[in-house]
Amino acid sequence: MGIKKYYATKDNTITNAFRENLTTRGTGSNMGASDILEAFVIHGQTTASVSQTPSLANATNAEQSRIILQFPISTISSDMSSGVLPSDSGSIKFYLNMYNAPHGNTVPLSYSLDVYMLSQSWSEGRGLDMNNYTDLGFSNWESGSSTVKWQDKSSNPQPGGSYLESPQYPTSSVFFETGLENIQHDVSEIVYSWLNGTSNSGFLIKFPDTAISGSETLYTKMFFGRTSEFYNYRPTIEARWDSSRKDNRGSFY
């Protein structure tokens with residue numbers, strides 16, 4: 001089997017979580033230079049009531065962090081044209097690889113993370129603070145860059161990252177049983193969508209809307225980021241194809 005890895009060119013964690021005072025949200029914070037990426041949903045940390053049934057109020061009050069990351073799809077396309085990868089469409093499978101970062105905090109159990117295609121470009125930023133959210137910058141929860149806020153297809157504000165939804169665009173979901181698993185997830189449909197002309201703005205990874213509007217707190221899933229000192233644990237897209245060589249010796253006579 002032929003395998004070639006492509007490392008992420010940008011990544012970031014964006015959040016609307018409360019700062020230490022539990023009054024101000026860290027929506028303007030940037031964590032683009034951190035070596036960790038994290039996703040969580042927190043309910044009921046403030047005096048706001050939590051409904052035990054899914055509700056819009058739960059979703060509005062929830063604290064979240066989401067992961068955004070981008071890969072060099074143009075390089076993949078060039079490698080297909082030059083023969084580094086097979087050129088015939090569909091013969092390659094593409095997998096998103098992300099590696100669990102162990103930590104001493106609570107880890108959620110039996111949950112899923114949704115994988116979307118981001119719909120607009122964004123800046124990575126140089127923030128580091130993942131605890132008190134004191135490093136302000138772009139991208140962040142509100143904006144993809146210093147000039148453009150996250151927006152939906154009607155140009156309305158869409159805090160938390162603007163993304164493309166099914167059925168028009170491919171999406172997928174990754175299930176975690178123990179919460180400690182790595183991601184090794186087939187994203188071929190998404191990558192081929194980029195290769196076929198959809199603008200590559202990268203991935204958005206978030207908890208499902210049902211978890212955000214629910215009442216269960218799910219924190220914290222951490223992955224190694226692209227600046228991690230552990231090179232082999234950095235996020236990659238892995239191209240896999242059948243590279244075996246075959247002959248027709250069985251047909252000789």
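Remember, predicted model here, so these are calculated numbers, not experimental data. Because only heavy atoms are used, hydrogens play no part in the values below, and waters and symmetry mates are left out as well, while side chains stay in.
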Given Arg226, Glu124, Lys10, the one that forms side-chain hydrogen bond (donor to acceptor under 3.5 Å, both in side chains) with Gln70: Lys10

Positive for side-chain hydrogen bond (donor to acceptor under 3.5 Å, both in side chains) with Tyr6, one of Asp79, Thr236, Thr75: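 Only match with Tyr6 under side-chain hydrogen bond (donor to acceptor under 3.5 Å, both in side chains): Asp79.
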
Please report the closest heavy-atom contact between [X] and [Y], naming both atoms and the distance.
X      : Y      : result
Lys206 : Ile212 : NZ-CD1, 3.9 Å
Ser65  : Ala39  : OG-CA, 3.2 Å
Asn140 : Glu142 : OD1-N, 2.9 Å
Phe224 : Pro102 : CZ-CD, 4.1 Å
Ser145 : Ser123 : CB-OG, 3.7 Å
Leu128 : Ala33  : CD2-O, 3.3 Å

Validation row, ring centre Phe40 to ring centre Tyr219 under 6.0 Å: no

When you group the ILVMFWY residues by side-chain heavy-atom contacts below 4.5 Å and let the links chain together, are [Y] and [X] in the same group?
X      : Y      : result
Phe71  : Leu164 : yes
Ile14  : Leu113 : no
Tyr99  : Met222 : yes
Leu195 : Met117 : yes
Val148 : Leu118 : no

Worked verdict on Val50 versus Asn58 for side chain to side chain contact (heavy atoms under 4.5 Å, CB included): CA-CA 6 Å; Val50 179; Asn58 284 356; 3.8 Å; yes

Distance-only donor-acceptor check, side chains Ser162 and Ser119, under 3.5 Å: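 Short answer, yes.
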
Side chains of Thr220 and Glu38, donor plus acceptor under 3.5 Å: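 No, because no side-chain N or O of Thr220 sits under 3.5 Å from a partner of the opposite role on Glu38.
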
Quick one: pull up [atom1] in [X] and [atom2] in [Y] and give me the separation to the nearest 0.5 Å.
X      : Y      : atom1 : atom2 : result
Ile36  : Ser228 : CD1   : OG    : 6.5 Å
Lys4   : Ser243 : NZ    : OG    : 13.5 Å
Asp186 : Ser172 : CG    : OG    : 8.5 Å
Asn12  : Ile68  : CG    : CD1   : 4.5 Å
His185 : Asn97  : NE2   : CG    : 11.5 Å
Ile183 : Phe223 : CD1   : CZ    : 3.5 Å

Can you find a pair of side-chain heavy atoms, one from [X] and one from [Y], that are under 4.5 Å apart?
X      : Y      : answer
Tyr133 : Met31  : yes
Phe175 : Ser173 : no
Asp114 : Thr171 : no
Ser201 : Trp194 : no
Asn16  : Pro159 : no
Ile205 : Leu69  : yes
Ser29  : Thr15  : yes
Val115 : Val174 : yes

Between [X] (side chain only) and [Y] (backbone N and O only), is there a donor and an acceptor less than 3.5 Å apart?
X      : Y      : result
Asp11  : Leu37  : no
Lys221 : Gly179 : yes
Ser81  : Ser77  : yes
Asp152 : Gln158 : no
Ser51  : Thr53  : yes
Arg66  : Gly160 : yes
Glu63  : Phe18  : yes
Asn61  : His43  : no
Asp129 : Asp135 : no

Chi angles and distances behind the ring-ring contact (aromatic ring centres under 6.0 Å, His included) call for Phe94, Tyr192: CA-CA 9 Å; Phe94 294 99; Tyr192 277 112; 5.4 Å; yes

With Tyr163, the ring-ring contact (aromatic ring centres under 6.0 Å, His included) member among Trp150, Tyr116, Tyr169: Tyr116

Residues, nucleotides or ligands: over 12 heavy atoms within 6.0 Å of Glu189 CD: no

Glu20 atom CD: more than 12 heavy-atom contacts under 6.0 Å: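 Count not over threshold, so no.
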
Criterion side chain to side chain contact (heavy atoms under 4.5 Å, CB included) on Gln45 and Leu22, from CA distance to verdict: CA-CA 8 Å; Gln45 189 170 217; Leu22 295 183; 3.7 Å; yes

Check against side chain to side chain contact (heavy atoms under 4.5 Å, CB included), Val41 and Tyr111: CA-CA 11 Å; Val41 173; Tyr111 65 95; over 6 Å; no

Tyr231 and Tyr7 aromatic ring geometry - parallel, tilted or perpendicular at 30°/60° bounds: tilted

